[in-house]
There are 2 protein chains.
Amino acid sequence: MSQTIEVWFEFASTYSYPGVHQLSRYEGVPFTYRPFLLGPIFAAQGWSTSPFNLQPAKGRYMWRDLERLCEAAGLPLQRPTQFPRNGLLAARVAVAHQGEAWIGEFIRRVYRANFAEDQDISSAEVLGPLLAALGCDPGEVLMRAESPATKQLLRDQTQRALELGIFGAPMFVVDGELFWGGDRLEQAVAWWKQRSAQDRSAG
Amino acid sequence: MSQTIEVWFEFASTYSYPGVHQLSRYEGVPFTYRPFLLGPIFAAQGWSTSPFNLQPAKGRYMWRDLERLCEAAGLPLQRPTQFPRNGLLAARVAVAHQGEAWIGEFIRRVYRANFAEDQDISSAEVLGPLLAALGCDPGEVLMRAESPATKQLLRDQTQRALELGIFGAPMFVVDGELFWGGDRLEQAVAWWKQRSAQDRSAG
């Protein structure tokens, strides 16, 4: 069972907020976080912002749908005064520290800061205290996040997202098979289980 | 319980195919079919065709996702050689005969003709035999479908879709509340049940 379920997400993505929180329902399933940026992917299609801003009817629907989803999941929601928020710094922190034990909690807290507390997650003044509360050294983490190597890592990962055919978030990926949106997580987990069973019987 | 769940659909819409077939899971729930055209709604956004054609990555994902959904639902699927197919005539038949007992079966069979048998559903030569198999008089039904009153009815219904904020299909609507996509049907039914209970206790 070397295979994991890759969770491709972007900090500005509304549906990724309940998306990353619902992972805890699947105990024992190995998720790997894959932060990336939707901006360059949207730009490659000629879009200057989120499709939820470009298509007002779809945007209105999304905010209402998100409200219902969060209510059902018991997640607080406060519509951010800025959308989409710049998730670059947070994505750099996440990509530079993918293997750390605190990374899942960091990701969930950044989403809550953005979508439940209307905080500017692009700012080191917001991420610093959040990192400190997790027991990290904010200065060290943020310095590593801003290093040239990390910047390149995030560019590479966004390029990889494009190559995988990722066009939105959250996207769950099992061995190249894509599952888009929180409502496909159950299918992604079923797919992963089937694959894992095949691997075991072949091993 | 005067309220129903309105099922807004378009015959060219891929996800509406499993969408209308899964309604039978909810026995006793009153669904009302609301055919409309996505073409004018897409055109209002400056799009000349389906977003699944305009965004290749999203299109590739959709066909694969549809394959998995249909397999799970036991529905045959053959990717149509033409997409989107012109659903105008079928939509006119459906809008002109919304109250008929055979309308649900007509709708399901048109979707199967398009998405499982790769038939040209824009043609009277395809719809005629399909209607005859349902015990209808094809000549009479198709004549009514092409009447000026029916054409206006479908234009009005598409305009109503726009006003409701509908931007895709299938869309389930309960008292102005929108639920988009087959994966929101369960929520729509739960919403309808809650509303019906409130109506009863208020009545």
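First the proteins, then the strands, lettered A, B, ... as listed; each starts at 1.
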Chain B against chain A: donor-acceptor pairs under 3.5 Å:
unit_1	atom_1	unit_2	atom_2	d
A:Y61	OH	B:W180	N	2.8
A:R64	NE	B:E177	OE2	2.7
A:R64	NH2	B:E177	OE2	2.8
A:D65	OD1	B:R184	NE	3.0
A:D65	OD2	B:R184	NE	3.4
A:D65	OD2	B:R184	NH2	3.0
A:R68	NH1	B:E177	OE2	2.9
A:R68	NH1	B:L178	O	2.8
A:R68	NH2	B:L178	O	2.9
A:E177	OE2	B:R64	NE	2.7
A:E177	OE2	B:R64	NH2	2.8
A:E177	OE2	B:R68	NH1	2.9
A:L178	O	B:R68	NH1	2.9
A:L178	O	B:R68	NH2	2.9
A:W180	N	B:Y61	OH	2.7
A:D183	OD2	B:R184	NH1	2.8
A:D183	OD2	B:R184	NH2	3.3
A:R184	NE	B:D65	OD1	2.9
A:R184	NE	B:D65	OD2	3.4
A:R184	NH1	B:D183	OD2	2.8
A:R184	NH2	B:D65	OD2	3.0
A:R184	NH2	B:D183	OD2	3.3

Can you give me the closest heavy-atom contact between [X] and [Y], atom names plus distance?
| X | Y | answer |
| --- | --- | --- |
| B:L164 | B:L178 | O-CD1, 3.5 Å |
| B:F172 | B:I5 | CB-CG2, 4.1 Å |
| B:V95 | B:P35 | N-CG, 3.7 Å |

Item to check | Residues in side-chain contact (heavy atoms from CB on, under 4.5 Å) contact with A:A124, at least two apart in sequence or another chain | outcome: A:L89, A:L142
Checklist entry - Does the side chain of A:V126 reach to within under 4.5 Å of the side chain of A:V110, using non-hydrogen atoms? => result no
Checklist entry - Rounded to the nearest 0.5 Å, how far apart are CZ of A:F115 and CG of A:L77? => result 8.5 Å
